[in-house]
Amino acid sequence: MNWLDLLAYFFGGAFLTNAIPHVVAGMMGEPFQTPFAKPPGEGLSTSTVNIVWGFFNLLVGYVLVCRVGDFGLRNTGDVAALGLGGLAIGIVLARRFGRFHGGNEPGRP
């Protein structure tokens, strides 16, 4: 098992997970934070920018998972690396964006 392949799958999982909120927000016509907003990562971008950014994340995730090494859904190491990458970026982004959307302190108005 090549550790560079596992690293690619980890980051592939992170990119694939990051694509989800951007594509969903864009399809719903909602603004959401992107690196292109002002200030970057804090301001809101248009739904169109979110669709484009989300699909870019999907493309990068696809390349890292499907074009690097020989990813196998039945290979526990490969799937664990992908899942850990998704979980890691999910937790980091939940904490980061929770401060803008009330997710870090749901009981507060």
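Predicted, not measured: the structure shown is a model, and the values here were computed from it.
- Residues P31 and L44 come closest through the heavy atom pair CB-CB, 3.9 Å.
- The side chain to side chain donor-acceptor pair (under 3.5 Å) search around T46 returns none, not counting sequence neighbours.
- Nearest heavy-atom pair, S47 versus A25, reported as atom, atom and distance to 0.1 Å: CB-O, 4.3 Å.
- Within the structure, salt bridge (Lys or Arg N to Asp or Glu O under 4.0 Å) contacts touching residues 52-73 (residues at least two apart or in different chains) do not occur.
- Under the 3.5 Å distance criterion, the side-chain polar atoms of D78 are left unmatched by any main-chain donor or acceptor of R74.
- Within 6.0 Å of CZ in F11 there are 12 or fewer heavy atoms belonging to other residues, nucleotides or ligands.
- Judged by distance alone, the side chain of Y9 and the main-chain N or O of A80 form no donor-acceptor pair under 3.5 Å.
- Within a 6.0 Å sphere centred on CZ of F32, heavy atoms belonging to other residues, nucleotides or ligands number more than 12.
- Interatomic distance, CD1 of I89 versus OG1 of T17, reported as 8.5 Å (0.5 Å rounding).
- Counting all heavy atoms, side chain and backbone alike, V68 lies closest to A8 at CG1-CB, 3.7 Å.
- Of the possible polar contacts, one joining the N50 side chain to the S45 backbone as a donor-acceptor pair under 3.5 Å is found.
- Residues V60 and F36 fall within the same hydrophobic cluster, defined by Ile, Leu, Val, Met, Phe, Trp and Tyr side chains chained together at heavy-atom separations under 4.5 Å.
- With hydrophobic clusters built from ILVMFWY side chains whose heavy atoms lie under 4.5 angstrom apart, V23 does not share a cluster with V52.
- Residues M27 and F55 fall within the same hydrophobic cluster, defined by Ile, Leu, Val, Met, Phe, Trp and Tyr side chains chained together at heavy-atom separations under 4.5 Å.
- Between P40 and P35, the closest heavy-atom pair is CB-O, 3.5 Å.
- No donor-acceptor pair closer than 3.5 Å links the side chain of R95 to the backbone N or O of V92.
- M28 and F97 are not part of a single hydrophobic cluster, where members link through side-chain heavy atoms under 4.5 Å apart.
- In this structure, L73 places its CG atom where only 12 or fewer heavy-atom neighbours from other residues, nucleotides or ligands lie under 6.0 Å away.
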Query raised in the report: When you look at L16 and L82, which way does the side-chain contact (heavy atoms from CB on, under 4.5 Å) test go after all the steps?
Result: CA-CA 9 Å; L16 292 172; L82 179 87; 4.2 Å; yes
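- Among all heavy-atom pairs drawn from Q33 and E42, the shortest one is CG-O, 3.4 Å.
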Requested in this report: Check the pair W53 / N18 against side-chain contact (heavy atoms from CB on, under 4.5 Å), numbers first and verdict last.
Outcome: CA-CA 9 Å; W53 182 241; N18 190 47; 3.8 Å; yes
